[in-house]
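A short worksheet on the structure shown next.
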2 protein chains.
Amino acid sequence: MKKVVLNKKQQELIERIGIFFEHQGLPPAVARISGLLLISDRVELTFEEIYTTLNLSKSAASNAINILLKAHRLEYITKPGDRKRYFKLFIDHWETVFNDRLKFLPFMVSLLKEIHSVRSSKNKEFNANLKEIIGFMEYLNKEIPKLFIKWKEKKTK
Amino acid sequence: MKKVVLNKKQQELIERIGIFFEHQGLPPAVARISGLLLISDRVELTFEEIYTTLNLSKSAASNAINILLKAHRLEYITKPGDRKRYFKLFIDHWETVFNDRLKFLPFMVSLLKEIHSVRSSKNKEFNANLKEIIGFMEYLNKEIPKLFIKWKEKKTK
DNA sequence: TTTTTGGTTCTGAAAAAAAAGAACTAAAAG
DNA sequence: CTTTTAGTTCTTTTTTTTCAGAACCAAAAA
């Protein structure tokens with residue numbers, strides 16, 4: 001039972017982070033593990049520390065961790081002569097994760113275009129609105145990467 | 001049984017739209033109703049048309065429609081001397097809906113700031129990354145409305 | 001007043017998601 | 001070899017979500 005020591009405030013924050021991530025569509029265990037790794041002073045935690053601290057079964061923890069690994073929200077490191085994996089948030093590559101989440105935009109654009117192409121020419125207004133949305137999404141898709149670059153420039157100077 | 005007439009292609013698209021919205025976190029019935037209203041040539045449909053066309057029970061349709069109304073994805077109009085409500089996508093106000101969806105950003109920023117403030121000063125790198133994310137989100141929150149304005153300007157000229 | 005219409009609300013069942021527990025496995029340690 | 005460790009996988013249980021069916025309700029029509 002190698003629980004991570006957490007004070008009341010930290011525990012409460014983990015729960016709130018958990019709820020926030022649940023609202024973003026993550027399953028409960030996944031959300032809590034994310035919370036724990038955001039709060040823990042030790043940023044690298046072992047499998048055992050994670051499931052004992054959060055009172056999860058090994059199987060629940062294993063599945064949740066693998067979901068997070070596949071989503072590139074987690075990574076793990078190993079230490080020489082130590083069989084354990086040390087899991088940590090993939091926070092140093094958050095830009096990549098952020099970019100991945102934007103990939104839904106082009107997909108949505110193509111779906112909306114297909115919808116638009118299938119619609120009859122009645123309902124001019126509806127079709128015009130649809131076209132506007134498509135236009136704006138394409139604009140966003142082009143401009144957000146630029147925003148990224150501008151932000152980086154601003155930081156350096 | 002006042003079903004809306006739909007051809008194969010339209011039906012198939014409604015299903016694909018449904019799946020897309022399910023991936024975005026909407027419940028199945030909610031997702032399909034959204035799809036129907038995106039595809040139907042008549043943009044305003046009655047309660048009966050919706051549930052008969054999609055083979056939903058009245059209760060399922062009622063709940064789903066109310067979820068959509070509360071989320072401001074749907075609105076309804078009425079016609080004089082007609083007790084029915086005619087439901088339609090809130091597409092003419094899509095900018096408002098879009099802006100609403102961005103409201104999670106400031107909330108996330110405040111949560112991340114709280115996390116940052118609670119963390120010990122060990123893990124310099126982790127804390128620095130956290131601060132970067134916060135900074136970028138604040139930047140986004142400031143710049144996206146500007147993007148909106150610039151896009152509108154581009155449209156008019 | 002009675003009936004019809006256009007929904008809503010309240011069960012309960014079915015299906016899906018989440019988690020627990022235990023059996024299992026591969027690599028390392030003894 | 002045998003045992004231990006660090007997880008994984010399989011099965012079962014629990015919980016949650018989603019939906020159907022029927023009863024219900026308020027306003028309008030007859």
Side-chain angles (χ1 to χ4, degrees), chain A residues 1-4 14-15 18-19 21-37 42 44-71 73-88, chain B residues 1-4 14-15 18-19 21-37 42 44-71 73-88:
Chain A
M1 266 289 227
K2 290 204 59 199
K3 276 202 194 195
V4 175
I14 290 173
E15 292 307 316
I19 289 169
F21 282 132
E22 281 187 52
H23 290 329
Q24 306 288 305
L26 298 186
V30 170
R32 304 260 199 78
I33 292 174
S34 306
L36 172 59
L37 288 169
R42 290 188 30 247
E44 297 156 0
L45 299 181
T46 65
F47 184 77
E48 192 188 4
E49 285 171 326
I50 290 171
Y51 80 80
T52 56
T53 304
L54 295 174
N55 302 309
L56 287 171
S57 66
K58 286 172 83 176
S59 64
S62 174
N63 289 323
I65 286 171
N66 285 321
I67 287 170
L68 286 166
L69 287 172
K70 208 182 307 180
R73 286 161 171 269
L74 234 62
E75 63 180 328
Y76 63 87
I77 58 161
T78 50
K79 301 183 180 186
D82 184 350
R83 202 132 65 82
K84 296 191 211 53
R85 284 139 88 185
Y86 291 80
F87 298 97
K88 55 180 295 200
Chain B
M1 264 290 229
K2 290 203 61 201
K3 277 202 194 194
V4 175
I14 290 173
E15 292 307 316
I19 289 169
F21 282 130
E22 282 186 52
H23 289 327
Q24 307 288 305
L26 298 186
V30 170
R32 301 263 189 72
I33 292 174
S34 307
L36 172 59
L37 288 168
R42 291 187 29 248
E44 297 156 0
L45 299 182
T46 66
F47 184 76
E48 194 188 2
E49 286 172 326
I50 291 171
Y51 80 78
T52 56
T53 305
L54 295 175
N55 302 309
L56 288 172
S57 67
K58 286 172 83 176
S59 64
S62 175
N63 289 325
I65 286 171
N66 286 320
I67 287 170
L68 286 166
L69 287 172
K70 208 182 306 180
R73 285 162 171 268
L74 236 60
E75 64 180 328
Y76 62 85
I77 58 161
T78 50
K79 301 182 179 185
D82 184 349
R83 202 133 64 84
K84 295 190 209 60
R85 284 140 87 184
Y86 290 80
F87 298 95
K88 56 181 295 200

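Protein chains get the first letters and strands the later ones, always in sequence-line order, with residue 1 at the start of each.
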Report yes or no: is there a donor-acceptor pair, N or O only, under 3.5 Å between the side chain of A:S59 and the base of C:dA20? yes
Distance in Å, A:I50 CD1 paired with A:I65 CD1, rounded so as to fall on 0.5 Å steps: 4.0 Å
As an exercise, state the distance from CD1 of A:I19 to CZ of A:R32, rounded to the nearest 0.5 Å. 8.5 Å
Does A:A61 reach a base, just sugar-phosphate, or nothing at all? Heavy atoms under 4.0 Å. nothing
Could you check A:I33 against A:L56 for side chain to side chain contact (heavy atoms under 4.5 Å, CB included), going step by step and ending with a plain yes or no? CA-CA 10 Å; A:I33 292 174; A:L56 287 171; 4.3 Å; yes
Using a 4.0 Å cut-off to any heavy atom of chain A, which nucleotides of DNA chain D are the first and last in contact, reading 5' to 3'? D:dT4 to D:dC10
For C:dA19 and A:N63 - does any side-chain N or O of the residue sit under 4.0 Å from the phosphate oxygens OP1/OP2? no
Separation of A:N63 CG from A:K58 NZ (nearest 0.5 Å): 13.0 Å
So A:V30 and A:F21, side chain to side chain contact (heavy atoms under 4.5 Å, CB included) or not? Walk me through it. CA-CA 8 Å; A:V30 170; A:F21 282 132; over 6 Å; no
Tell me the interatomic distance from B:L69, atom CG, to C:dG7, atom P, rounded to whole angstroms. 11 Å
Given side chains that start at C-beta, do those of B:Y86 and B:T46 come closer than 4.5 Å, heavy atoms only? yes
Using a cut-off of 4.0 Å on non-hydrogen atoms, how would the nucleic acid contact of B:A29 be classed: base, sugar-phosphate, or nothing? sugar-phosphate
B:E49 CD to C:dT5 P, straight-line distance once rounded to whole Å: 16 Å
Under 4.0 Å, counting only non-hydrogen atoms across every strand here, what does B:L56 touch: a base, just sugar-phosphate, or nothing? sugar-phosphate
Point-to-point distance, once rounded to the nearest 0.5 Å, from CG of A:N55 to NZ of A:K3: 4.0 Å
Using only side-chain N and O atoms of B:K58, determine if any of them is under 4.0 Å from OP1 or OP2 of C:dG7. no
Nucleic acid footprint by protein, nucleotides 25-30 of chain C - heavy-atom cut-off 4.0 Å, B for base, S for sugar-phosphate alone: --BS--
Nearest whole Å is fine: how far is C:dA17 C1' from A:I67 CD1? 11 Å
Integer-rounded Å distance: C:dT8 P and B:I65 CD1: 7 Å
Judged by each residue's nearest nucleotide on DNA chain D, which is more toward the 5′ side, B:R32 or A:F47? A:F47
Heavy atoms, side chains only, cut-off 4.5 Å: are B:S62 and B:Y51 in contact? no
I need the single residue from A:K84, A:R42, A:R85 that forms a salt bridge (Lys or Arg N to Asp or Glu O under 4.0 Å) with A:E49. Which is it? A:R42
Please state how far atom CG in B:L68 lies from atom C1' in C:dG7, giving the value in whole angstrom units. 16 Å
